[in-house]
Structure formats: C-alpha cells, structure tokens
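Reckoned from all heavy atoms, side chains included, excluding hydrogens, waters and symmetry mates. This is a predicted model, so every value here is computed, not measured.
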Amino acid sequence: MATERYNPRASEPKWQKAWDAKKLFEANNDDPRPKYYVLEMFPYPSGRIHIGHTRNYTMGDVVARYKRAKGFNVLHPMGWDAFGMPAENAAMQNKVHPKEWTYQNIATMREQLKVMGLSLDWAREFATCDVDYYHRQQMLFLDFVEKGLVTRKSSKVNWDPEDMTVLANEQVIDGRGWRSGALVEQRELTQWFFKITDYAQDLLDSLDGLDEWPEKVKLMQQNWIGRSEGLLIRWPLAAPIAGEHELEVYTTRPDTIFGASFMAVAADHPLARKAAETNPALAKFIEEVRHMGTSVAALETAEKKGFDTGIRVVHPFDDSWTLPVYVANFVLMEYGTGAIFGCPSGDQRDLDFANKYGLPVIPVVMPEGADVKTFQITEEAYVGDGAMINSRFLDGMKPDRAFDEVAKLLEQQTIGNRPMAERKVNFRLRDWGISRQRYWGCPIPMIHCEDCGVVPVPKADLPVRLPDDVEFDRPGNPLDRHPTWRHVKCPQCGKDARRETDTMDTFVDSSWYFARFTAPWAHEPTDPKAANEWLPVDQYIGGIEHAILHLLYSRFFTRAMRETGHVDLAEPFKGLFTQGMVVHETYRVGSASNGRWLAPTEVRLEGVDGERRAFDIATGEAVTIGPLEKMSKSKKNTVSPEDITDGYGADTARWFMLSDSPPERDVEWTDDGAAGAHRFIQRIWRLVSTAAETLAGIKPGAAGAGEAGVVSKAAHKILKAVGEDIEKLAFNRAIARIYELANALTAPLNEVAEGKADPALQGACREAVEILVHLIAPVMPHLAEECWETLGGTDLVAERPWPVFDPALVIDNEVTYPVQVNGKKRGDLTIARDADQGAVEKAVLALDFVQKALEGKAPRKVIIVPQRIVNVVA
RNA sequence: GCGGGCGUGGUGAAAUUGGUAUACACACCGGACUUAAAAUCCGGAGGCUUCGGCCAUGCGGGUUCAAGUCCCGCCGCCCGCACCA
C-alpha cells in the first residue's frame with residue numbers, strides 16, 4: 001500500500017494548535033499529583049534564537065514530556081533575561097529605544113520557539129524588563145536592605161573613560177574596554193553590594209549535598225569561594241610610622257616563619273601610602289603599579305617588582321632580627337590584609353623576588369631523605385611536606401605541627417592590646433557588586449538625602465520606573481543626565497533629594513526568576529506556598545559558562561529570600577545538567593589577513609579520493625575547511641533553526657540534536673546528520689502508516705513465544721531501557737534503542753501489511769507499534785501524534801500515560817554465557833536462566849572447546865558470574 | 001603555575017561501571033527495484049592471517065581468573081582558575 005510522505009510543514013502547526021486548545025502544558029498550582037519542575041536557562045533576547053538554544057530547550061522538553069507522561073504535574077516555563085548592555089548598544093548604534101528593541105526581539109524569538117513545538121507553559125511567560133518583574137525585584141532589594149544583606153562601600157572598579165562606565169572584569173580585554181578600546185583605569189567608586197560573603201561557608205558546605213550536580217561545577221564553585229585556613233600575624237614595626245606600630249599579614253604557612261626574609265605590601269596599603277608621603281620615588285613607583293591594570297594578560301606578563309619603603313619590622317620570635325618592608329606589585333589589597341611575609345624557600349614567587357633584590361633564602365622545610373648539610377634552595381622553591389630545619393624550636397617537626405606550634409605561641413603574646421596572632425579563615429569570594437552606571441537595568445530603589453543620608457524608597461512608592469524619554473547620543477548613564485528623573489523629595493524629611501541612578505547588575509534579574517515562575521501573578525515577589533511547593537527546580541539545564549556566577553548568585557539569592565520570608569529553602573536547583581554547544585566547521589577563502597569567511601550555505605562540499613574539498617558556490621574558488629568551532633557571527637559558521645525547520649520540520653531538528661552525541665558534549669552540526677534524522681522520520685511514518693490499516697481493528701497484546709514473542713520482548717525491553725535512559729538524560733542512548741526497535745519491527749510489520757501475519761503476531765505488532773509511538777513522542781512529538789491518529793487514536797499522545805513494560809517480558813528464560821578459557825572468549829553456552837552454578841559449571845566443562853583446552857586435566861578454577869560470564873582457568 | 005577532564009573503526013559514538021570491545025547512527029561498498037537516477041528495501045565491513053588463529057580502546061609498565069574501565073609513569077588535546085599570601 002502506497003503512503004504519502006510525512007509532511008511536517010502541514011502536520012506540525014496542526015498538532016501545536018491541538019495541544020494549545022487543550023492547554024496541555026499549562027501547570028496548575030493546585031494539581032494534587034507529585035510535582036516536577038524542569039527549567040532551561042532562559043535566553044537573552046539578542047535578536048534571534050540560536051541553534052544552541054534549541055538544543056538546550058529540546059533537552060528540557062524531552063524531560064518535561066516524559067515526566068508528564070509518567071504522571072507528574074510538570075512546570076516547564078519560559079521567559080526572557082531582557083535587561084543588559086546589547087540593548088543600549090543597539091540604541092546608540094541604530095537609534096532604537098532599548099525597550100522597543102528588546103520587546104521586538106522577544107516577539108521574534110517567541111515565534112521561533114513556538115515552531116519547535118516545545119511543551120512550555122506560555123501562560124507564565126515574563127521578561128525581566130517588565131515593570132511587573134523589576135517592581136518585585138525592587139521589593140526584594142528593600143527586604144534585603146532591611147535584613148542587612150546589602151551594603152554600600154567604596155571599591156576599586158574597572159572604569160572605561162570613554163564610555164564613562166564601570167566594566168566587569170570579563171569586559172576588560174588586554175587592559176582596554178571591550179567596546180571602546182580605551183585604556184581602562186582603576187577607580188574608587190562607592191557601589192552597592194550584596195553580602196554574599198556572609199554565606200561563604202554555607203555556600204561551600206552545601207555543595208556536598210548537591211548530589212545531582214556535575215562534580216566539575218561543584219569544584220569550580222569550591223575554587224571560586226576559595227577557603228583557606230591561616231594565621232593573622234601582627235609584626236611590630238621597628239619604629240612607629242605616623243602612629244602605626246604594627247604590620248598585619250595573613251599567611252597559610254606560619255610554619256615557615258623562620259624562613260621569612262622580607263615583608264611585602266600592596267601599593268594601596270595604608271603603610272605604603274604613608275611611607276610615600278615622604279618618599280617621592282616610592283610615590284612614583286606606587287603610581288606605576290596602579291596603572292598596570294588588573295587584566296589577566298597584564299598580570300601574567302608583569303615582572304615581579306618591588307620597592308623598599310625603608311620601614312623595618314621585628315621578627316616575632318627574635319627581637320634582634322629585623323626585616324625590610326617592600327611595596328610589591330604582586331600583592332593584592334583585596335585579599336587577606338594586603339600584606340604578606342615572604343618566605344623565598346617555600347614559595348616560587350617569593351624566591352624570584354628575593355633573588356632579584358638580593359634577599360636571603362633560608363630553607364626551612366626539607367623533603368624526606370635530604371641532608372641538612374647539603375640541602376639548598378636556589379632557583380626552585382620547595383612547597384612539599386617534610387621536616388622543619390633552620391627553624392630553632394620547630395626543627396624536626398612536620399610543617400602542620402609547626403603551624404600549630406607557632407599559632408599557639410603567638411596567640412599568647414600580645415601587641416598593643418591584641419594577641420600577636422589569630423587563626424583566621426579567609427575566602428577568595430568577594431562581595432557581589434551590583435551597581436551599574438547604565439540605563440537598561442532594574443533601578444536601585446534608594447534615595448540620597450543630604451540630611452538623612454541614604455534612604456530606601458518606601459514600598460508604597462514602588463515601582464521606581466525607568467523613564468522612557470532618554471537620550472543615547474552621548475556615552476555615560478542616561479539616567480544621570482535625565483532632566484527630571486533623579487529629582488525627588490526625601491521620603492523621610494521631605495527635602496529635595498536625589499535618586500540613585502545606578503541600576504542593578506543583570507545577574508540579579510536571573511538570580512530569582514525560577515522562583516517567580518512558580519507564581520508570576522503574585523503581588524509579592526513570590527507566593528511562598530507556591531514557591532515552596534514547586535521549588536527546588538528538579539532539573540535545571542544550561543551551559544557550563546554559568547557554572548560559577550549565575551549558579552552561585554542564585555544559590556545566594558535563595559538563601560537571602562529565605563531570610564526575608566519569600567521561600568523556605570536554601571538550594572534552588574536539585575539537579576543540574578550542563579549541556580554542550582552546537583559546533584560547526586568553518587569555511588574561509590584566502591589567507592588569514594585578507595581572507596573572508598563563508599557561511600555553510602555559500603559552500604559546496606565534494607569528496608575527492610576520500611578527501612573532502614569545499615568550493616565557494618558564487619565564485620568557484622577553493623575554500624579552506626577549518627576546525628569545528630562554536631558557532632559565531634564573525635566566522636559565519638552559524639546555522640539557524642529555520643534552516644532545518646523550514647525544510648525538514650521541528651522534529652528532525654529535535655531528533656538530530658539529541659542523537660549521536662551525548663548531551664554534555666559538543667555536537668557537530670552536519671547536513672548529512674540532519675538529512676539522516678529526517679530519513680528516519682519518514683521511515684517511522686512509512687512503517688506505521690503502511691501497517692496501520694491492517695492493524696486498525698487489532699487488539700494490542702503481548703506474546704510470550706514464537707515470532708510474536710520476539711516482537712513483544714524487543715518492545716518491552718526497549719521500553720524499559722528508553723525510560724531509564726531519559727531519566728539519566730542519556731538521550732543519545734535512548735535514541736539508539738529506538739532505532740533498534742524500529743529495526744526489529746521492520747520485518748514483522750511488513751508481514752502484517754502484506755496480510756501474512758497470524759493473530760498473535762498482529763496483536764504483538766499492534767502493541768509494539770503503540771509502544772514505538774509513545775517512545776518517540778518526547779523527542780518527535782508531532783510525528784508521534786500523526787502516527788497515533790493514523791493508528792486510530794482519538795486522544796493525543798501528549799496527554800497519554802507512558803506505557804508500562806511487563807517485567808516477565810524483559811527477562812529471558814535462557815541466558816547465553818560467553819565462555820572464556822584463561823580470559824579469552826572461546827565460545828558461548830546457552831542455558832536456562834535459573835540454572836544453578838553447579839549446572840552451569842557442568843555444562844561448560846562438557847563443551848568441546850573447553851575439553852580441548854583442558855586436555856583432559858581438571859580446571860584450576862571456574863569462575864561463574866551469574867547472568868554475565870564464565871571463565872575457565874586451565 | 002594550580003585544579004579538573006578527555007584520548008575507542010573513515011566519522012559521531014556505545015560498552016549494564018572490572019565481565020562477549022566496537023551497540024546505534026553517519027559516510028562507504030555491494031545487491032534488488034528502475035530505461036536511468038533519486039527514494040526505498042536487502043546485505044557487507046576493525047586490522048593481519050599460513051584460515052588453526054593472532055593483534056587491536058594514545059604509549060609503556062602493573063594489579064586481576066578477567067582491564068576501554070583500577071593503579072603507576074609518559075605523550076597529546078580540551079576546560080576552569082590564576083601573582084590568593
């Protein structure tokens with residue numbers, strides 16, 4: 001029987017409408033079934049949906065559809081991370097208002113997403129730039145202020161003098177602003193901060209409980225938080241300087257205190273500043289260090305430099321021992337106390353510094369087996385374990401013991417009114433600076449009053465709305481130069497006052513959107529009942545690039561929201577999955593300097609003698625095929641979702657993106673792969689539709705034996721395997737299993753279609769086809785509906801339960817053991833599943849090839865791993 | 001520099017976590033159908049072989065009845081952090 005080809009362009013919109021009409025994907029907060037919250041990191045509305053987005057959302061959609069079929073009340077929402085710089089850049093370049101630009105992009109991208117047939121609850125959609133959303137964010141901010149979670153302090157920032165704005169570290173490239181190219185300056189600015197460091201220990205400890213997170217991400221967060229245990233040591237100054245009597249340093253290696261040969265302080269250290277007041281050469285040096293910049297590249301290449309301040313400190317254990325204090329370019333004011341003691345033998349950087357300035361190098365830790373008389377440190381510092389030497393009363397101790405000894409002794413001594421040393425835990429994690437001198441962000445709801453100081457905007461006066469009438473003709477913050485917006489009355493005294501014109505970092509917006517989705521209509525930031533029922537997100541899916549900031553900020557925010565009564569949990573994401581990128585090879589004509597990049601659609605590929613060659617379609621020129629790279633506009637190696645959906649449909653795109661490559665790995669986009677995926681769609685359709693007429697009146701029924709039994713067993717085994725694979729997000733494996741089922745059903749279904757099948761086989765095939773249709777549904781939902789309808793289904797697959805496998809059919813009565821002799825496979829043995837070890841051994845030893853190998857002798861050992869393998873050791 | 005990961009056919013990959021290495025797909029080759037092509041269907045395929053087998057999971061060792069999987073040492077690639085005291 002001839003069937004027409006499956007036409008996704010006609011079918012896909014039809015089924016999308018059918019799902020919509022029944023509101024199948026709208027989650028009800030009062031639904032009594034167990035909940036399941038699956039969320040993909042929401043997109044920034046940059047203009048168009050990228051193929052990488054669709055891979056991300058397809059993964060989430062498979063999980064959502066599967067969990068729905070498994071009987072869960074599924075929440076699968078979508079929104080827009082809509083504040084941020086690109087909108088302002090577009091405003092400057094194209095004279096479009098950021099708001100208009102953003103909402104237009106959202107409209108475009110929403111339509112693109114709808115084409116994909118994602119089972120999203122669009123009723124809960126919002127954008128972070130909606131007044132409704134940032135209104136609640138301002139409420140949260142004020143609650144955080146009240147609980148002391150917000151602080152205002154002066155800090156060093158990267159300042160772009162041309163764009164007149166603060167840059168994030170990531171936006172500083174080789175010491176220059178990423179947009180303006182201007183040399184970035186370090187400036188002190190008073191900024192708003194969230195006190196994330198209050199939670200440093202908790203954020204670190206709680207990582208242990210996140211057992212559904214990738215180890216890699218947990219490790220990255222652990223390193224980012226950067227806990228270290230050390231000692232704060234107060235070194236007396238040999239002579240007081242401007243009222244200062246001591247120098248406080250932080251060290252994790254107090255055991256090496258007798259190896260100290262110098263002190264080094266940051267250029268911004270108070271002692272350095274004081275010394276510079278009377279020392280012009282030092283002042284000049286400090287100025288140089290300040291201008292060096294903090295970019296990675298600058299730090300990497302910078303030579304270690306120092307300047308002797310002339311100040312001397314006294315060794316805590318020896319009054320007659322003084323050490324010089326240097327200002328050094330490698331000491332950071334932000335970490336520890338901004339001052340260190342240098343022990344050249346135990347730290348490579350200190351050793352380089354000492355060698356450069358002719359400072360003593362005293363070895364204090366000697367590796368096991370070395371000789372005290374000959375052990376020396378010249379070019380390479382020794383940082384390992386060993387025994388203390390040249391350290392007076394510490395000699396012979398292990399370093400950790402010496403650490404305790406030094407701490408104990410110095411804790412008992414005093415300097416001023418304080419102990420000379422204190423144990424201290426230090427974190428690398430800094431407070432989260434959220435002030436941005438930008439327009440397109442959530443206004444910080446605070447008011448500056450000359451008399452009252454900084455005053456919160458009363459909640460009744462919220463939201464603080466962004467004004468629409470702003471100019472982008474000049475760099476800088478348009479809110480600052482708006483004629484009226486910043487002028488307000490002080491809510492406390494009524495005097496003329498000034499609005500805060502900084503807006504919040506966009507990472508704030510994305511730190512709680514997952515909670516807002518649980519009740520986006522609530523007047524308060526959350527409806528705590530809904531939030532506590534839905535949260536945590538059961539499965540969160542997104543890119544590894546958010547491993548630290550977004551995920552750490554969200555973890556902090558959830559804690560802060562618990563503190564302020566908006567939720568009742570600490571960890572927002574129970575399961576986290578970081579998916580790989582979609583990559584594509586690049587095509588270039590000409591050499592690097594004057595070459596040009598070609599898009600995949602501009603290139604013709606040929607295989608010549610097994611070698612792939614590419615040509616420019618327009619000119620015929622030879623094209624260089626470059627390596628697989630992340631898709632980028634500059635290299636033109638992008639593929640847009642429409643390139644596939646227009647021709648092949650959404651199901652092909654969805655299927656291809658999940659097949660072959662494991663989801664955490666990058667997937668290479670190839671035309672052959674997409675075509676192959678589409679061929680499979682047509683094959684399924686042919687398979688199902690040709691047999692559909694014969695199967696129409698057949699009652700589905702599993703068979704236990706014969707040809708029908710083979711069909712039923714394959715179907716039930718694969719049904720079980722696919723469910724397990726989806727639970728583990730192993731989509732590529734699930735897809736391989738589905739191919740297997742399609743392969744196994746091809747011959748029987750042809751028999752059915754040709755009318756050659758007996759009733760048992762017909763029943764088994766009917767059931768197996770129904771299973772197949774349900775198995776493909778999470779990945780290819782439209783095709784599944786079309787197949788289901790053809791089979792006479794009157795409901796939608798999207799609302800049907802996941803089929804249940806029969807345990808009796810997934811285990812075989814007989815099991816085939818590979819039989820090894822001395823670890824090498826020589827044959828197999830098929831025997832009853834329930835045969836005991838004795839019976840298996842007897843049967844194995846009777847096998848020809850085993851007897852031959854044994855040459856009449858008794859085996860040394862027979863190892864039988866039940867249901868797995870037999871190994872005979874001769 | 002520190003931390004982590006990876007390395008399996010021509011290609012993407014699989015291997016129940018120590019138990020038959022190469023499932024499934026792509027590409028390829030052959031056959032059927034066709035005047036022909038496309039589409040489709042069927043089949044083949046790690047390498048070597050004296051047809052008994054032997055060798056193969058980056059390289060070299062080790063543990064084990066048994067190693068892609070565990071341990072040690074190299075080589076190569078990738079990612080994260082980075083003057084952190």
J.: If I pick the C1' atom on B/A23 and the same atom on B/A45, what distance separates them, to the nearest angstrom?
T.: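 To the nearest whole Å, 15 Å.
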
J.: In whole Å, what separates the P atom of B/C78 from that of B/A85?
T.: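 Straight-line distance between the two P atoms is 28 Å.
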
J.: Compare all side-chain heavy atoms of A/Val406 with those of A/Leu231 and state whether any distance is below 4.5 angstrom.
T.: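 Result yes, sub-4.5 Å side-chain heavy-atom pair found.
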
J.: For B/C41, does OP1 or OP2 lie under 4.0 Å from any side-chain N or O of A/Arg686?
T.: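 Yes, such a contact exists.
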
J.: Rounding to the closest angstrom, what is the interatomic distance between B/U8 and B/U57 at atom C1'?
T.: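 Comparing C1' positions in B/U8 and B/U57 gives a spacing of 4 Å.
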
J.: Between atom CG in A/Leu552 and atom C1' in B/G80, what is the gap in whole Å?
T.: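 It works out to 15 Å between those atoms.
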
J.: Taking the side chain of A/Leu219 as heavy atoms from C-beta outward, which of B/G4, B/C83, B/A85 is closest to it?
T.: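 Out of B/G4, B/C83, B/A85, the nucleotide with an atom closest to A/Leu219's side chain is B/G4.
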
J.: Quantified in whole Å, what is the P atom distance between nucleotide B/U11 and nucleotide B/G43?
T.: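 Each nucleotide's P atom is 26 Å from the other's.
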
J.: Applying a 4.0 Å non-hydrogen cut-off, can you work out what A/Asn750 is touching in the nucleic acid: base, sugar-phosphate, or nothing?
T.: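 The answer is nothing, as A/Asn750 stays clear of every strand by at least 4.0 Å.
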
J.: Checking understanding here: a glycosidic angle within 90° of 0 is syn, the rest anti, so what is B/G9?
T.: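 Here the answer is syn: the torsion falls within 90° of 0.
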
J.: Which value, in whole Å, describes the distance between the P atoms of nucleotides B/A13 and B/C84?
T.: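 About 37 Å, rounded to a whole number of Å.
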
J.: When you measure from the side chain of A/Asn329, which nucleotide among B/A25, B/C83, B/A82 comes out closest?
T.: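 When the side chain of A/Asn329 is considered, B/C83 is the closest of B/A25, B/C83, B/A82.
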
J.: In terms of side-chain heavy atoms of A/Ile340, which of B/A66, B/A23, B/A85 is nearest?
T.: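 My answer, after comparing the listed nucleotides, is B/A85.
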
J.: Taking only side-chain N and O atoms of A/Lys216, does any of them lie within less than 4.0 angstrom of OP1 or OP2 on B/G4?
T.: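 No, no such contact exists.
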
J.: Quick one: does any side-chain atom of A/Asn329 pair with a main-chain N or O of A/Lys305 as donor and acceptor, under 3.5 Å?
T.: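 Present.
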
J.: Can you tell me if A/Asn732 touches the phosphate of B/A23, counting only side-chain N or O atoms and a distance under 4.0 Å to OP1 or OP2?
T.: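 For B/A23, OP1/OP2 do not have a side-chain N/O of A/Asn732 under 4.0 Å.
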
J.: How is A/Glu668 classified with respect to the nucleic acid when contacts are heavy atoms under 4.0 Å: base, sugar-phosphate, or nothing?
T.: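 Nothing, no nucleic acid heavy atom in range.
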
J.: Return the value, rounded to whole Å, for the distance between atom CD1 of A/Ile863 and atom P of B/A67.
T.: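 It is 12 Å, rounded to the nearest whole Å.
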
J.: Looking for any heavy atom pair under 4.0 Å, which part of the strands does A/Asp672 touch: base, sugar-phosphate only, or nothing?
T.: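 Sugar-phosphate only.
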
J.: Could you state the atom-to-atom distance from CZ of A/Phe680 to P of B/C41 in whole Å?
T.: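 For the pair A/Phe680 CZ and B/C41 P, the rounded distance is 11 Å.
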
J.: What pattern of brackets, bars and dots sums up RNA chain B from 5' to 3', given Watson-Crick or G-U wobble pairs under 3.5 Å, [ ] for crossing pairs and | for another strand?
T.: (((((((..(((......[....))).(((((.......))))).(((....)))..(((((..]....))))))))))))....

J.: Return no unless some side-chain N or O of A/Arg826 is found under 4.0 Å from OP1 or OP2 of B/G52.
T.: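 No, no such contact exists.
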
J.: Could you tell me whether A/Val873 contacts a base, only the sugar-phosphate backbone, or nothing, with contacts defined as non-hydrogen atoms closer than 4.0 Å?
T.: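 Sugar-phosphate contact only - A/Val873 comes under 4.0 Å of backbone atoms but never of a base.
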
J.: For the side chain of A/Ile869, counting heavy atoms from C-beta on, which of B/A27, B/G19, B/A23 is nearest?
T.: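 That would be B/G19.
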
J.: According to a strict under-4.0 Å criterion, is A/Arg665 in side-chain N/O contact with OP1 or OP2 of B/G5?
T.: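 So the side-chain polar atoms of A/Arg665 never come under 4.0 Å of the phosphate oxygens OP1 or OP2 of B/G5.
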
J.: Taking syn as within 90° of 0 and anti otherwise, name the glycosidic form of B/U69.
T.: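 B/U69: anti glycosidic orientation.
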
J.: Nearest to the side chain of A/Lys304 - B/C65, B/C83, B/C81?
T.: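 Selected nucleotide: B/C83.
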
J.: Going by atom types alone, do A/Gln820 and A/Arg826 pair a side-chain donor with an acceptor below 3.5 Å?
T.: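 No - no donor-acceptor pair under 3.5 Å links their side chains.
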
J.: Are A/Val249 and A/Leu247 close enough that some pair of their side-chain heavy atoms sits under 4.5 Å apart?
T.: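 Result yes, sub-4.5 Å side-chain heavy-atom pair found.
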
J.: Are any of A/Lys424's side-chain N or O atoms less than 4.0 Å away from OP1 or OP2 of B/A85?
T.: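 For B/A85, OP1/OP2 do not have a side-chain N/O of A/Lys424 under 4.0 Å.
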
J.: Set out, in order, the CA-CA distance, both residues' side-chain angles and the distance that settles side-chain contact (heavy atoms from CB on, under 4.5 Å) for A/Asp828 and A/Lys825, then state yes or no.
T.: CA-CA 8 Å; A/Asp828 354 85; A/Lys825 191 196 165 191; 3.4 Å; yes

J.: For B/A66, does OP1 or OP2 lie under 4.0 Å from any side-chain N or O of A/Arg868?
T.: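 The answer is no; no side-chain N or O of A/Arg868 sits under 4.0 Å from OP1 or OP2.
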
J.: Which whole number of Å gives the distance between the C1' atom of B/A56 and that of B/G46?
T.: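 That atom pair is separated by 8 Å.
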
J.: Kindly state whether the ring of A/Tyr648 and the ring of A/His678 have centres lying under 6.0 angstrom apart.
T.: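 Under 6.0 Å, so yes.
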
J.: When rounded to the nearest Å, what value does the distance between P atoms of B/C26 and B/G73 take?
T.: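 Here B/C26 and B/G73 have their P atoms 43 Å from each other.
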
J.: Looking at A/Tyr739, I'd like to know whether one of its side-chain N or O atoms comes within less than 4.0 Å of OP1 or OP2 on B/A25.
T.: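 No, because none of the side-chain N or O atoms of A/Tyr739 sits under 4.0 Å from OP1 or OP2 of B/A25.
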
J.: Is any side-chain heavy atom of A/Phe656 closer than 4.5 Å to a side-chain heavy atom of A/Ile644?
T.: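 They are not in contact (no side-chain heavy atoms under 4.5 Å apart), so the answer is no.
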
J.: What does A/Thr251 touch in the nucleic acid at a heavy-atom separation under 4.0 angstrom: a base, only the sugar-phosphate, or nothing?
T.: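 Sugar-phosphate only.
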
J.: Considering only atom P, compute the distance from B/C33 to B/A38 and round it to an integer number of Å.
T.: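 15 Å, rounded to whole Å.
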
J.: B/C65 C1' sits how many Å from A/Glu841 CD, rounded?
T.: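 It is 13 Å, rounded to the nearest whole Å.
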
J.: Does any donor atom in the side chain of A/Tyr357 or A/Ser261 lie under 3.5 Å from an acceptor atom in the other side chain?
T.: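 Distance-only check fails for A/Tyr357 and A/Ser261.
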
J.: In terms of side-chain heavy atoms, does A/Asn743 have a donor or acceptor partner in A/Arg683 at a distance below 3.5 Å?
T.: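 A/Arg683 and A/Asn743 do have a side-chain donor-acceptor pair below 3.5 Å.
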
J.: Let me know the distance between CG of A/Leu332 and P of B/C84, rounded to the nearest Å.
T.: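 From A/Leu332 CG to B/C84 P: 8 Å.
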
J.: With a non-hydrogen cut-off below 4.0 angstrom, is A/Lys825 in contact with a base, only sugar-phosphate, or nothing?
T.: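 Since a base atom lies under 4.0 Å of A/Lys825, the category is base.
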
J.: In whole Å, I'd like the distance from the OH atom of A/Tyr335 to the C1' atom of B/C81.
T.: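 Computing the A/Tyr335:OH to B/C81:C1' distance gives 13 Å.
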
J.: Map A/Gly338 and A/Ala675 onto RNA chain B by nearest heavy atom, then report which one ends up closer to the 5' terminus.
T.: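 Going by which nucleotide is closer to the 5' end, it is A/Ala675.
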
J.: Looking at the rings of A/Tyr326 and A/Phe307, which for Trp means the six-membered one, are their centres under 6.0 Å apart?
T.: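 Not close enough - the centres of the two rings lie 6.0 Å or further apart.
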
J.: Between A/Phe577 and A/Trp213 (judged by ring centroids, cut-off 6.0 Å), do the two rings come close enough to count as a pair?
T.: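 Here the rings of A/Trp213 and A/Phe577 have centres that are no less than 6.0 Å from each other.
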
J.: Report which part of the nucleic acid A/Asn743 touches: base, sugar-phosphate, or nothing (heavy-atom distance under 4.0 Å, all strands).
T.: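 Sugar-phosphate contact only.
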
J.: Using a heavy-atom cut-off of under 4.0 Å over every strand shown, decide if A/Thr746 touches base, sugar-phosphate, or nothing.
T.: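 Sugar-phosphate contact only - A/Thr746 comes under 4.0 Å of backbone atoms but never of a base.
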
J.: At 4.0 Å (heavy atoms only), tell me whether A/Val331 reaches a base, stays on the sugar-phosphate, or touches nothing.
T.: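 Since a base atom lies under 4.0 Å of A/Val331, the category is base.
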
J.: When you measure from the side chain of A/Asp660, which nucleotide among B/A85, B/C84, B/A25 comes out closest?
T.: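 When the side chain of A/Asp660 is considered, B/A25 is the closest of B/A85, B/C84, B/A25.
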
J.: What is the distance, rounded to the nearest whole Å, between atom CG of A/Asn871 and atom P of B/G19?
T.: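 After rounding, the reported distance stands at 13 Å.
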
J.: Taking only side-chain N and O atoms of A/Arg349, does any of them lie within less than 4.0 angstrom of OP1 or OP2 on B/C84?
T.: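 So the side-chain polar atoms of A/Arg349 do come within 4.0 Å of the phosphate oxygens OP1 or OP2 of B/C84, strictly under.
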
J.: Taking only side-chain nitrogens and oxygens of A/Arg5, does any of them come within less than 4.0 Å of OP1 or OP2 of B/A38?
T.: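 Checking A/Arg5 against B/A38: no side-chain N or O falls below 4.0 Å of OP1 or OP2.
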
J.: Anti or syn, where syn is a glycosidic angle within 90° of 0; which label fits B/G53?
T.: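 With its glycosidic angle more than 90° from zero, B/G53 counts as anti.
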
J.: For A/Trp685 and B/U40, what is the distance between atoms CH2 and P respectively, to the nearest whole Å?
T.: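 Roughly 17 Å, once rounded to whole Å.
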
J.: If you pin A/Pro818 and A/Met220 to their nearest nucleotides in RNA chain B, which one's is more 5'?
T.: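 Counting from the 5' end, the first nearest nucleotide belongs to A/Pro818.
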
J.: Is the positively charged end of A/Arg5 above the ring of A/Trp685, judged by distance under 6.0 angstrom from the centroid and angle within 45° of the axis?
T.: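 A/Arg5 over A/Trp685 ring: no.
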
